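Here is the naming used below: chain letters follow the sequence lines, and residue numbers restart at 1 for every chain. As the structure is a prediction and not an experimental result, all values here were calculated from the model. Because only heavy atoms are used, hydrogens play no part in the values below, and waters and symmetry mates are left out as well, while side chains stay in.
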There are 2 protein chains.
Amino acid sequence: MVKISDVAREAGVSVATVSRALNNLDTVRPDLAAQVHQAASRLGYRPNSLARNLRKQSTQVWALVISDIENPFFTAVARGVEDTAQQNGYSVMLCNSDEDPEKEARYLSVAGQDRVAGVILSPHSASTDVSSLNHIPLVVIDRALNAPFDVVLVHSRLGAEQATRHLLEQGWQRPACITGPEDAETAVERREGYLQALRGTEIEAQVKHQPFRSPDGAVATAALLDGDNPPDSFFVGNASLALGVLAELSRRGLKPGTDVGLISFDDAPWAPFIDPPISVVAQPAYDIGVQAAQLLVERIANTGPRAPREVNLATTLIFRESSRKLG
Amino acid sequence: MVKISDVAREAGVSVATVSRALNNLDTVRPDLAAQVHQAASRLGYRPNSLARNLRKQSTQVWALVISDIENPFFTAVARGVEDTAQQNGYSVMLCNSDEDPEKEARYLSVAGQDRVAGVILSPHSASTDVSSLNHIPLVVIDRALNAPFDVVLVHSRLGAEQATRHLLEQGWQRPACITGPEDAETAVERREGYLQALRGTEIEAQVKHQPFRSPDGAVATAALLDGDNPPDSFFVGNASLALGVLAELSRRGLKPGTDVGLISFDDAPWAPFIDPPISVVAQPAYDIGVQAAQLLVERIANTGPRAPREVNLATTLIFRESSRKLG
DNA sequence: TTGTACGCGTTATCAT
DNA sequence: ATGATAACGCGTACAA
């Protein structure tokens with residue numbers, strides 16, 4: 001393994017000069033610098049990140065801790081983060097906490113241990129303990145923390161309200177809401193948006209809280225439809241749930257956009273392609289990743305204490321066919 | 001930051017003894033070891049991985065380089081890899097090469113630079129150059145390399161053949177094949193399986209090679225249906241393509257399982273939930289990840305040169321409704 | 001069984 | 001502008 005001292009000998013300079021030249025510190029004579037670069041490439045020298053990490057007490061790696069790698073929303077976020085990290089010379093370690101507080105804690109702990117340069121976290125809960133990070137720069141996404149950190153959020157509630165209102169405008173009379181578990185802030189936000197849209201109307205609100213899983217979407221749909229006041233349309237809090245709703249609807253011969261109205265949060269890859277194409281409230285997932293990454297870059301650069309920043313992104317209503325009311 | 005020498009002082013022993021005790025080397029007197037552990041936890045000592053990495057010239061991190069993070073197949077693989085890595089004390093850095101040879105090369109290069117403990121790679125092509133890894137243990141998945149490495153594959157061709165045969169057994173007369181680009185080994189394998197199933201029949205083979213993207217699935221379907229010899233059923237090489245096929249079919253009012261037969265590779269999350277539920281050839285994605293990880297663990301443990309191993313996994317035909325022929 | 005001391009490959013400080 | 005050298009924190013060969 002060729003090391004910096006080999007290059008130094010080859011170039012006829014000291015290791016210090018090699019280091020400076022290779023790091024482009026402009027305190028080295030141009031011709032000498034060139035000489036060093038040549039020697040380095042001649043020898044096939046590649047800097048040893050391990051040594052550099054020890055010396056600088058930090059790595060060029062970020063940890064991105066997300067709660068569900070199978071959720072297209074998070075994979076899109078991941079792409080945004082990764083692309084931006086790449087551009088800034090960082091690699092990203094993708095950690096899937098799987099909504100499991102223990103896994104999350106373990107990842108946070110190794111991130112701290114391994115001195116990653118920064119962390120982007122979609123916390124399981126607002127009270128997630130990030131102390132094991134000891135002061136590694138952190139940006140929070142998706143749900144805020146009970147502590148002052150940089151955070152990028154989307155206007156979930158507003159998006160939910162718009163979606164529900166959209167259903168009403170299309171002429172649906174009794175929209176119901178199927179959303180995630182009550183301990184998930186995003187699920188609650190979406191419920192609140194739904195309720196807000198109903199305020200001032202005579203419509204009876206009907207809400208089902210479920211885990212964010214397809215089968216639960218089906219169960220909730222069945223319960224609603226078999227209830228006292230069957231809804232004629234659905235606002236669904238997540239793409240997985242929507243799949244379950246779809247399944248139960250088709251089991252009953254109910255076609256979205258004809259017999260019943262449907263709009264869901266999150267623009268899944270399949271949403272435009274099924275029959276009928278599903279209307280959705282799209283979150284700017286990729287952009288969330290980019291914004292979070294940019295916040296992190298700044299936070300790493302400015303080591304001094306700065307006021308935490310919050311960026312809020314808007315959702316987009318995509319009107320396809322499932323929410324339309326014919327006749 | 002509390003370091004090993006602090007613990008040594010606190011425990012009244014040398015740093016060497018602390019190191020030995022903390023690493024459970026049984027060459028240290030039990031009572032002393034206990035003393036050290038107490039001192040360590042009293043001080044809140046946490047070993048500095050950076051220093052350890054430099055000393056050992058390797059990390060406890062794997063790089064998992066996949067070609068498409070938005071593909072549910074790869075996310076499932078990733079989960080398998082991650083769970084197994086976790087169990088063996090490794091973290092995994094997920095790298096999304098995006099089917100881009102340059103990105104792939106860059107990731108391989110940083111993996112080599114950062115001295116990761118091992119790499120799992122789904123190569124863009126059989127001739128992908130892995131020399132920048134310099135001899136870091138490597139396991140290849142999904143498609144083999146033109147070089148002798150451990151590899152875990154699935155019997156794509158056999159799965160494709162079974163799927164096509166299944167279509168025939170259901171009574172479909174003219175199955176067509178829509179698969180990925182010709183430079184993707186998996187796409188070709190699936191075509192070959194299709195052709196194999198047709199051998200010995202009078203049926204005219206019809207194959208479309210497309211990028212693995214939904215819109216291309218729609219285009220191919222349209223072309224086939226408008227051709228001289230419109231197929232009555234489709235074997236599709238990938239879930240994204242299947243989405244496009246589905247869209248085009250519904251645009252034409254053709255219902256799978258009634259008007260036309262359909263079976264696709266890969267069991268996407270949405271496959272069971274749409275109308276009608278889609279029959280698929282499922283790859284054991286999670287298990288691929290697990291197997292690859294286990295191979296890697298062994299490869300890392302046994303540093304000596306060992307013959308490359310190849311593990312082949314079988315696909316599973318899941319008969320739902322889209323491939324059934326009524327009447 | 002325990003301790004001393006060196007080395008891992010860089011970067012940064014301090015002279016020059 | 002350049003060079004010698006001291007860290008960075010840990011593991012381990014060698015000596016005791």
* Would A:Arg213 and A:Glu99 pass as an ion pair if we require N to O under 4.0 Å? -> no
* Asked: Given atom CZ of B:Arg9 and atom P of D:dG9, what is their separation to the nearest angstrom?
  -> 13 Å
* May I have all residue pairs that pass salt bridge (charged side-chain N to carboxylate O under 4.0 Å, His left out) and include part of residues 75-84 of chain A, sequence neighbours excluded? => A:Arg79-B:Glu70, A:Arg79-B:Asp98, A:Asp83-B:Lys103
* Using a cut-off of 4.0 Å between protein heavy atoms and nucleotide atoms, how would you tag nucleotides 6-16 of chain C 5' to 3' with B, S and -? -> -BBBBBBB---
* To do: For B:Thr17 and for A:Asp31, find the nucleotide of DNA chain D with the closest heavy atom, then tell me which residue's nucleotide is more 5'.
  => A:Asp31
* **Length of the line joining A:Leu50:CG and D:dG9:P, which is rounded to integer Å** => 16 Å
* Side-chain donor-acceptor pair present, A:Arg106, B:Gln86, cut-off under 3.5 Å -> yes
* Asked: Looking at residues at least two apart in the chain, or sitting in another chain, which of them share a ring-ring contact (aromatic ring centres under 6.0 Å, His included) with B:Tyr90?
  -> B:Trp62
* Structure fact -> Quick note, salt bridge (charged side-chain N to carboxylate O under 4.0 Å, His left out) partners involving residues 38-51 of chain A, not counting sequence neighbours, are A:Glu10-A:Arg42
* Structure fact -> Overall bend of the helix from C:dT1-D:dA16 to C:dT16-D:dA1 (five pairs an end, 10° steps) is 40°
* Structure fact -> Hits for salt bridge (Lys or Arg N to Asp or Glu O under 4.0 Å) against B:Asp31, two or more places apart or cross-chain, chain-then-number order -> B:Arg29
* Is A:Asp6 paired with A:Arg9 through a side-chain N to carboxylate O contact shorter than 4.0 Å? -> yes
* **Side-chain donor-acceptor contact under 3.5 Å, B:Asn48 with A:Gln57** => yes
* To do: Report the distance from atom CG of A:Asn53 to atom P of D:dC10, rounded to the nearest whole Å.
  => 15 Å
